[in-house]
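Okay, so here's the structure we're looking at.
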Amino acid sequence: MKSIKDIDKKYVMNTYNRYDLELVEGMGVNAYDVEGKEYIDLSAGIGVNSLGFCEMGWVASVTQQLCKLNHVSNLFYSQPDALLARSLCEKTGYDKVFFANSGAEANEGAIKLARKYSFDKYGEGRAKIITLVNSFHGRTMATLTATGQDVFHNYFFPFIEGFEYVEAGNLKAVAELVDKGDVCAIMMELVQGEGGVIPLDKDFVDGVRKICDDNDVLMIIDEVQTGVGRTGKFLAQEHFGIKAEITTLAKGLGGGLPIGAVLATEKCSNTLGFGMHGTTFGGNPIVCAGANYVLARMDEDFLYEAEQKGEYLQEKLAQIDGIEQVSGLGLMIGFKIKDKTSSDFVKEGIKRGLIMLTAKQKVRLLPPLTITYNEIDKALEIIKSML
Ligand SMILES: *Cc1c(COP(=O)(O)O)cnc(C)c1O
């Protein structure tokens, strides 16, 4: 009999360099492999399982919806979709939401929205979008183009037109590009996730906000990774005291089900009209039921706790010999290991029962927001033992 690993290698396209680990179940922060070995999971499916594996209330909400109405097309109204949109708007102060199925799709929607806004007001020739060097916005053609990392820009030429890149922190470059008069939006992550868990400078973000205000350029904040409590606030923007006209969410929103969302302020919430954008699966009732449960759990106490736990974990990591450059916000954390590559360290962690991620040269942690101090301490003990 062939093993699952062999079957996967033979039949699934080899786009992922998987770790030598097959997971079969999980509960809370713990995952279990085929042999029943237990792991502490500080990856949460890359920030997706915001409440950990199979949280009971979440399972109940999703299951109830599953037994009631599995899918309706966007030709009709359905409760989970409408209630989720309302919760998101109430939590964030945004005016309206569009539901997609992934982060890339949410960003794709944001790009279309920004271009349409500018076209309506200024006509053709003002469609450029500025993004940051070292950013990550997804794998579709437009979001790949938006992604400011050359490694992703191989093979797939030609890319789509209308993107310009600036270094994070280089406000002058942003101003010069905007001065040309053909820019409709600036898109960025507030903490560059895949790029190495690098928070932007507050001065730079404030400066970009001002340039956007002065020139009617839309700010798009990609909160696909930072959003939904990951940084200890519902949106990372709250740390910076700014608000973008368009915010995108995905990873942690569904608690383990595929969903993306585009949030828009009043200024552009009616820019996309009937038939101008759409998706078959977006707003699926089961997925929205999961997201509704996630949002219901994320009250102020929950977010405060997540923020505190993030600070605790960052502090403790910084005290460990052999660890340097601890960075991040809330429970989105990166660090370097002195004499080891991040991927070697992650591989070794798996042997010791600890699941972590990499982000370039950094080890990256995105634990479930429900992780306890006790579980954090256990994980820290394993990390220490590895150094
Ligand atoms: C993961 C990620 C994306 C892409 O999301 P997918 O669901 O994989 O399409 C986009 N932007 C950021 C900041 C991300 O972290």
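The figures here come from the full heavy-atom set of this structure, side chains too, leaving out hydrogens, waters and symmetry mates. Along the sequence shown, the residues carry numbers beginning at 1. In listed order, ligands and their atoms are each counted from 1.
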If I apply the N/O under 3.5 Å rule, does G103 come out as touching ligand 1? yes

Are M187 and I111 close enough that some pair of their side-chain heavy atoms sits under 4.5 Å apart? yes

For K251, the atoms of ligand 1 under 4.0 Å from one of its heavy atoms are 1 (C), 2 (C), 3 (C), 14 (C), 15 (O)

Going by a strict under-4.0 Å cutoff (protein heavy atoms only), does atom 8 (O) of ligand 1 have a neighbour on the protein? no

More than 12 heavy atoms of other groups within 6.0 Å of N154 CG: yes

Identify the heavy atoms of L132 and Q192 that sit nearest to each other, and give their distance. CB-NE2, 3.7 Å

Need the ligand 1 atom indices (1-based, order shown) with element for anything under 4.0 Å from a heavy-atom of E189. 13 (C)

At less than 4.0 angstrom from any non-hydrogen atom of S102, what atoms of ligand 1 do you find? 7 (O), 9 (O)

Ligand 1 atoms nearer than 4.0 angstrom to some heavy atom of A104 are 4 (C), 5 (O), 6 (P), 9 (O)

If we ignore angles and hydrogens, is there a donor and acceptor under 3.5 Å between the side chains of T247 and Q237? yes

For ligand 1, which atoms, with element, lie under 4.0 Å from some heavy atom of D222? 10 (C), 11 (N), 12 (C), 13 (C)

ring-ring contact (aromatic ring centres under 6.0 Å, His included) for F136 and F152? Distances and angles first, verdict last. CA-CA 9 Å; F136 183 82; F152 293 107; 5.4 Å; yes

Atoms in ligand 1 flagged as close to N107, the criterion being non-hydrogen separation under 4.0 Å: 10 (C), 11 (N)

Considering non-hydrogen atoms only, spot the tightest contact between S61 and Y293 and give its length. OG-CD1, 3.4 Å

So, is V224 polar-close to ligand 1, with some N/O to N/O distance under 3.5 Å? no

Ring centroid separation for Y373 and Y312, is it under 6.0 angstrom? yes

